[in-house]
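Here's the structure, in structure tokens; my notes come after.
All values below were derived from every heavy atom in this structure, side-chain atoms included, with hydrogens, water molecules and symmetry-related copies excluded. Throughout, protein chains are lettered first and strands after them, A, B, ... in sequence-line order, and every chain is numbered starting at 1.
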There are 2 protein chains.
Amino acid sequence: MAESESAYAPAHYDRPSVTVDLAIFTVLHKALHVLLVKRRAAPFAGMWALPGGFVHMDESLEDAARRELREESGVEDVYLEQLYTFGDPGRDPRTRVITVAHFALVRAEHQRLRAATDAAAVNWFPAYDPPALAFDHRQILDYAITRLRYKLEYTALAFELLPEEFTLTELQETYEHVLNEQLDKRNFRRKVQQASVLEETGRRRVGEHRPARLFRFREGAVAEVKARRLFP
Amino acid sequence: MAESESAYAPAHYDRPSVTVDLAIFTVLHKALHVLLVKRRAAPFAGMWALPGGFVHMDESLEDAARRELREESGVEDVYLEQLYTFGDPGRDPRTRVITVAHFALVRAEHQRLRAATDAAAVNWFPAYDPPALAFDHRQILDYAITRLRYKLEYTALAFELLPEEFTLTELQETYEHVLNEQLDKRNFRRKVQQASVLEETGRRRVGEHRPARLFRFREGAVAEVKARRLFP
DNA sequence: ACAAAAGTGTTGAGAGTACACCCATGC
DNA sequence: GCATGGGTGTACTCTCAACACTTTTGT
């Protein structure tokens, strides 16, 4: 590695800026939503953008992402994953900015927390139909959705989007909203049982019709499924 | 996004350095190998490390990675993929260095090309049993191997490690070396046929025993297999 | 009683996996 | 002719996907 070969990139000048950007998802109004902030400063002032900010010199990338997450959405202790690093020259018209994109999943119940710290220029938008976004954030968002869908297909990550206790129908609907497709009820329930990642709470959601049993995810039930191999 | 909120990270000083590092793989001597360079400068002088270098201000991350790939291994036009960005403070003892790690696959035939430009302090090492590495490069290498294995399990990427024409046994051995496990010959061949990513060249590898038919990958045959879903 | 959501099994098709022998060539 | 790697098929199991009706509650 050439970290010491200062010949063609002296370490003391001409460094790019490094930021973290976040695609924070939740399920709201029966659809996948993403958190956006309205930019106050140029460039793209007044335009919606993914939350994010500069990486401080003494914090890791994940720490920076969690700090931004806390500052922008008021949530802590949520699922966070590094996504991809976007660094094309020109993606920020002012200067060279390399951004390490992350995606985060927050629970529906947190929406109320968020509303409390509402800074007026922060809002949830339908992830599959967002407004025009600043910089290359549309590209980052699309990439994040792709990764989220993929992740949910082969892991049991949906519980990061659900309240502590939930019905099987709510779980299925979460998958349907993220995957943007309909699932078969019986097949879904059988597969959930086989995965054995749920436990019954004994309580029921009593509502308009027949009460539904409430479940929660078992502690430490990550349930990652092996990909089907192309070759045996 | 807070790229403009210069309050807590002015854009004009205190920026980290950004590098690209490369895990370049090939199959050699019936095992997966990775390209390492011997460091000349401090820190970790004399130690082996992944090739890499600073990102120039006017080039994209991929361009930087391809430039380093060309400079260090003399190969062009190979498979290259961004892996992950490592940025813990302290991973470089001198200063804050954030590195965007990539992995690359080069063909066995390129090894000779490489030997020609040999700079004495560049060499192939067994990927599953490398020497001690500088910085956090062991961690990066392990991550790259994990990703490579995973990628090969559900894509037809092995041809990036093979010469233009190859026998089915050579293809199977490539998979075995990367996955580090034995595969069943009949099942492997059936699955290759089903994937229909190969075409016969009509030529044969004539050698010590019964000549084997030579194949090549069909143009544009990416053959990505859907992951087995956890939920239907 | 009726509207609405909860809950429950079976079947056919395709893929995965384990397993053993003959074939063509070089020496 | 024999050693060596090339080449081929079958049976069992498991997972996937499609599909409709009964049960329980609130009003």
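Regarding A:K185, its NZ atom lies at a distance of 17 Å from the P atom of D:dA18, rounded to whole Å. In this entry the distance linking CG of B:L183 with P of C:dG16 reads 13 Å, nearest Å. In this structure, the CD atom of A:E200 is 14 Å from the P atom of C:dA6, given to the nearest Å. Put simply, CZ on A:R186 is 15 Å from C1' on D:dT23, counting in whole angstrom units. Atom CD of B:E181 and atom P of C:dT17 are 10 Å apart (whole Å). Distance CD (B:E170) to C1' (D:dG6): 12 Å, rounded to an integer number of Å. The nearest whole Å value for the distance from the CD atom in A:Q194 to the C1' atom in C:dT8 is 15 Å. Here the C1' atom of nucleotide C:dG26 and the CZ atom of B:R205 are 17 Å apart, to the nearest Å.
Shown here are the side chain to side chain contact (heavy atoms under 4.5 Å, CB included) partners of B:D88, two or more places apart in sequence or in another chain: A:S60. Evaluation of the salt bridge (Lys or Arg N to Asp or Glu O under 4.0 Å) rule for B:R138 yields B:D142 as partners, not counting sequence neighbours. When the ring pair (Phe, Tyr, Trp, His ring centres under 6.0 Å) test is applied to A:F44, the partners found at least two apart in sequence or on another chain are A:F135. Partners of B:E165 by salt bridge (Lys or Arg N to Asp or Glu O under 4.0 Å), not counting sequence neighbours, listed by chain and number: B:R203, B:R216. Scored by the side chain to side chain contact (heavy atoms under 4.5 Å, CB included) test, A:R70 finds A:R67, A:E76 as partners (sequence neighbours excluded).
Here B:R213 reaches the OP1 or OP2 of D:dG7: one of its side-chain N or O atoms lies under 4.0 Å away. Side-chain N/O atoms of A:R189 include one lying less than 4.0 angstrom from OP1 or OP2 on C:dG7.
If you look at A:F159 and A:F166, their ring centroids are not closer than 6.0 Å.
In this structure, A:E199 places its CD atom where more than 12 heavy-atom neighbours from other residues, nucleotides or ligands lie under 6.0 Å away.
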For nucleotides 24-26 of chain D, tabulate all protein N/O to nucleotide N/O atom pairs closer than 3.5 Å, reporting atom names and distance.
| unit_1 | atom_1 | unit_2 | atom_2 | d |
| --- | --- | --- | --- | --- |
| D:dT24 | O4' | A:R210 | NE | 3.4 |
| D:dG26 | O4' | A:E208 | O | 2.7 |

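Between C:dT17, D:dG6, D:dA18, one nucleotide has an atom nearer to the side chain of B:N187 than all others, and that is C:dT17.
One cannot find a donor-acceptor pair under 3.5 Å joining the base of C:dG16 and the side-chain atoms of B:K191. Between the side chain of B:R190 and the base of D:dT8 there is no donor-acceptor pair of N/O atoms closer than 3.5 Å.
Backbone-only engagement by A:T169 is indicated by non-hydrogen atom pairs under 4.0 Å involving sugar-phosphate atoms exclusively.
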